[in-house]
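Have a look at the structure below before the remarks.
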Number of protein chains: 2
Amino acid sequence: MSGRTGFRAAVEPLKISAVDRLVDEIRAFVAEQGLQVGDALPTERELGERFQASRNTVREALVILRAYGLVETRPKAGAVIAGDHAEAVRRVFAFHNGVSPDSFRDLQGFRRIVETGVGEHIILHATGADFDRLDAVNDELLAADGVEELALADYRFHEALVALGGNRTALATYRLMRPVIVDLMHVGKAARPARAETHETHGRIAAALRARDRIAFAYLLSRHLDYGLQFVTGSGPGAPRGDPGDG
Amino acid sequence: MSGRTGFRAAVEPLKISAVDRLVDEIRAFVAEQGLQVGDALPTERELGERFQASRNTVREALVILRAYGLVETRPKAGAVIAGDHAEAVRRVFAFHNGVSPDSFRDLQGFRRIVETGVGEHIILHATGADFDRLDAVNDELLAADGVEELALADYRFHEALVALGGNRTALATYRLMRPVIVDLMHVGKAARPARAETHETHGRIAAALRARDRIAFAYLLSRHLDYGLQFVTGSGPGAPRGDPGDG
DNA sequence: CGTCGTATTTGTTGGACCAGATAACCGTAG
DNA sequence: CTACGGTTATCTGGTCCAACAAATACGACG
């Protein structure tokens, strides 16, 4: 592992900073020592001595490692290997919470792709217990109070749907987008709570899956996802920061 | 914007470190000053003076900001606001490059979901010029030399396919997984180059799209994605580091 | 077994120096 | 006088050092 270590653009000449070097070395150290989740790293001074770097440099490297979710640090306890890497990715993703209005349609389109895609798997493989659980998650929506909780409950149903799909990558991706999805739902819910309505639509979607009716499922899901469009279309011009498709 | 700032788990008591405080303050500063991509931040010393923090603390905060892709720093040039947030997410994603063998099927399943999903859009909306470009990308595969280039060219065809889908989120997600996808392709190519074979299969997939034949497209794509399975199945026991589904 | 000190470790600060780049300055040629 | 090339001053990030504060793990001790 750790074949590609160069994070800097390939064009940049060999100008590896001491911090970046330390990041790689500490990573290699963790790997070759076979450190598992929960194991502790050497102290900062010790790392500095081992890799011939100042404690400040070690600290900056540890800051990066922490930002990347490899380690967690607590005073005195030191740095320990952390699990839950997805959380780090999600944090970075959530960090840029710019939900431009025009991206709503885009995101919903992606959700349609993923959810209809996993729907195929659900129709083929899900059991009755799975559907019961899906209904149970949906029912939690009725107990949700306030816009925030409502949006979260709404999201949870869809996440449960994706989870039933049995594809970890799809689920991870969906979770990755949670902040953005919830944010968008937040807008919709604020405009029109519609708790009972959402609950019923979810129920019909689940019922279509239970009936193995993929046509109805796709239709209901699409309509459900498009529903919120009325609250955002025409709300404003394009996004101010359209990312210029990177190279 | 910047409503939710708490990245730390909600359970953790209010124990904000000076560095984290600085991260938030600098972010707020960028927002309220309306700094755009390319604009420069104040110098480290100036930031330290403005926010009452040591330069070392400022540096640690800037390291985090850099890890999160908000800024880029170059010696002397200082820190400038960076675009291309997706790059930061991708970096973090690539950082944990644990490509466990058993995840191959999972990833391919996700790719199938995304690529068949965008295929629907392509069939409905793509023009002849779009298909020509897709073929052109595919032809680049013939010029690829070596396993590395081959894997990359293979990836590029699929990325071009997703790009034709017209969904930025799907494309961004696909790019996010590029390192993992290319890594897996790398394994496959090393076992069996099959350049001409891959090129022909891609060509048939593109032809199916051009003919608006969604059945053929789905079939060819599925078979293409499943193709590499023979090289990894039974190659070894489960992944050494299966992430324990985060909460 | 519980309590308390103490030593160790991280968190934070201030300062120092270096390498590199930019800007200001100056002398000279036209 | 102006334009240009070279030199110097200065500024900035990168790295390091020393020190103190705060938190806590660990062992001594009652």
Side-chain angles (χ1 to χ4, degrees), chain A residues 5-9 11-26 29-30 33 35 38-82, chain B residues 6-9 11-27 29-30 33 35 38-82:
Chain A
T5 53
F7 294 118
R8 309 319 215 101
V11 283
E12 264 179 48
L14 21 145
K15 198 52 162 303
I16 306 165
S17 79
V19 174
D20 290 340
R21 175 180 62 86
L22 257 188
V23 168
D24 281 348
E25 285 185 336
I26 293 178
F29 176 80
V30 169
Q33 295 287 321
L35 297 185
D39 291 345
L41 253 62
T43 71
E44 296 177 351
R45 289 173 179 84
E46 199 170 339
L47 285 174
E49 182 190 358
R50 179 188 297 268
F51 297 121
Q52 290 301 307
S54 152
R55 193 164 86 94
N56 260 328
T57 306
V58 172
R59 280 190 61 80
E60 290 195 11
L62 286 178
V63 166
I64 291 182
L65 260 7
R66 201 181 56 176
Y68 282 5
L70 216 205
V71 302
E72 286 176 5
T73 65
R74 281 199 313 277
K76 170 64 181 180
V80 299
I81 310 295
Chain B
F7 295 116
R8 307 321 214 99
V11 284
E12 264 180 47
L14 20 145
K15 197 53 158 306
I16 306 164
S17 79
V19 175
D20 290 340
R21 175 180 63 87
L22 258 188
V23 168
D24 281 349
E25 284 185 335
I26 294 178
R27 275 226 303 167
F29 175 81
V30 169
Q33 295 286 320
L35 296 184
D39 291 345
L41 252 61
T43 70
E44 296 177 350
R45 292 171 175 86
E46 198 171 339
L47 285 174
E49 182 190 359
R50 180 188 297 269
F51 297 121
Q52 291 300 307
S54 156
R55 189 163 89 93
N56 271 325
T57 306
V58 171
R59 279 191 61 80
E60 290 195 9
L62 286 179
V63 165
I64 291 182
L65 260 6
R66 197 181 61 176
Y68 281 8
L70 215 205
V71 303
E72 285 177 5
T73 66
R74 281 193 303 277
K76 172 63 186 175
V80 300
I81 310 294

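Checking the phosphate oxygens (OP1, OP2) of dT15(D), no side-chain nitrogen or oxygen of T57(A) falls inside 4.0 Å. One finds a side-chain N or O of R59(A) lying less than 4.0 angstrom from the OP1 or OP2 phosphate oxygen of dG11(C).
Rounding to whole angstrom units, CG of residue L22(B) and P of dG11(C) are separated by 15 Å. When rounded to the nearest whole Å, the span between CZ of R21(B) and P of dT13(C) equals 7 Å. As rounded to whole Å, 18 Å separates atom C1' of dT12(C) from atom CZ of F51(B). Across the protein-nucleic acid pair, I16(B) atom CD1 and dT12(C) atom P stand 11 Å apart, rounded to whole Å. Atom-to-atom, CG of L41(A) to C1' of dT10(C) comes out at 13 Å; the value is rounded to the nearest Å. Residue L62(B) contributes atom CG, which lies 8 Å from atom P of dG13(D) at whole-angstrom precision. Separating the CZ atom of R66(A) from the C1' atom of dG11(C) is a distance of 10 Å, rounded to the nearest angstrom. Taking atom CD of residue Q52(A) and atom P of nucleotide dT15(D), one finds them 15 Å apart after rounding to whole Å.
Side-chain atoms of R55(A) come within donor-acceptor range of the base of dG11(C), with a qualifying N/O pair under 3.5 Å. The base of dT10(C) has none of its N or O atoms less than 3.5 Å from a complementary donor or acceptor on the side chain of K76(A).
Across the interface with DNA chain D, nearest-nucleotide mapping of E44(B) and P75(A) shows E44(B) to be the residue nearer the 5′ end. Ranked by how close their nearest DNA chain D nucleotide is to the 5' end, N56(A) and R45(A) are led by N56(A). Each of A53(B) and A77(A) has a nearest nucleotide on DNA chain C; the 5'-most of these lies closest to A77(A).
Summarising the local packing, CD of E72(A) is surrounded by 12 or fewer heavy atoms from other residues, nucleotides or ligands at distances under 6.0 Å. Summarising the local packing, CD of E49(B) is surrounded by 12 or fewer heavy atoms from other residues, nucleotides or ligands at distances under 6.0 Å. Shown here is R21(B), whose CZ atom has more than 12 heavy atoms of other residues, nucleotides or ligands within 6.0 Å.
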How far apart are the C-alpha atoms of L22(B) and V19(B), what are their side-chain angles, what is the distance that settles it, and do they pass the side-chain contact (heavy atoms from CB on, under 4.5 Å) test?
CA-CA 5 Å; L22(B) 258 188; V19(B) 175; 5.6 Å; no
Pair L47(B)-I26(B), side-chain contact (heavy atoms from CB on, under 4.5 Å): steps then yes or no:
CA-CA 8 Å; L47(B) 285 174; I26(B) 294 178; 4.2 Å; yes
Where do V58(A) and R45(A) land on the side-chain contact (heavy atoms from CB on, under 4.5 Å) test, with the steps shown first?
CA-CA 8 Å; V58(A) 172; R45(A) 289 173 179 84; over 6 Å; no
Apply side-chain contact (heavy atoms from CB on, under 4.5 Å) to the pair F51(B) and T57(B), showing each step before the final yes or no.
CA-CA 10 Å; F51(B) 297 121; T57(B) 306; over 6 Å; no
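Here the side chain of S54(A) is nearest to one of dC17(D), dT10(C), dT12(C), namely dC17(D).
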Can you pull every protein N or O that's under 3.5 Å from an N or O on nucleotides 2-4 of chain C?
none

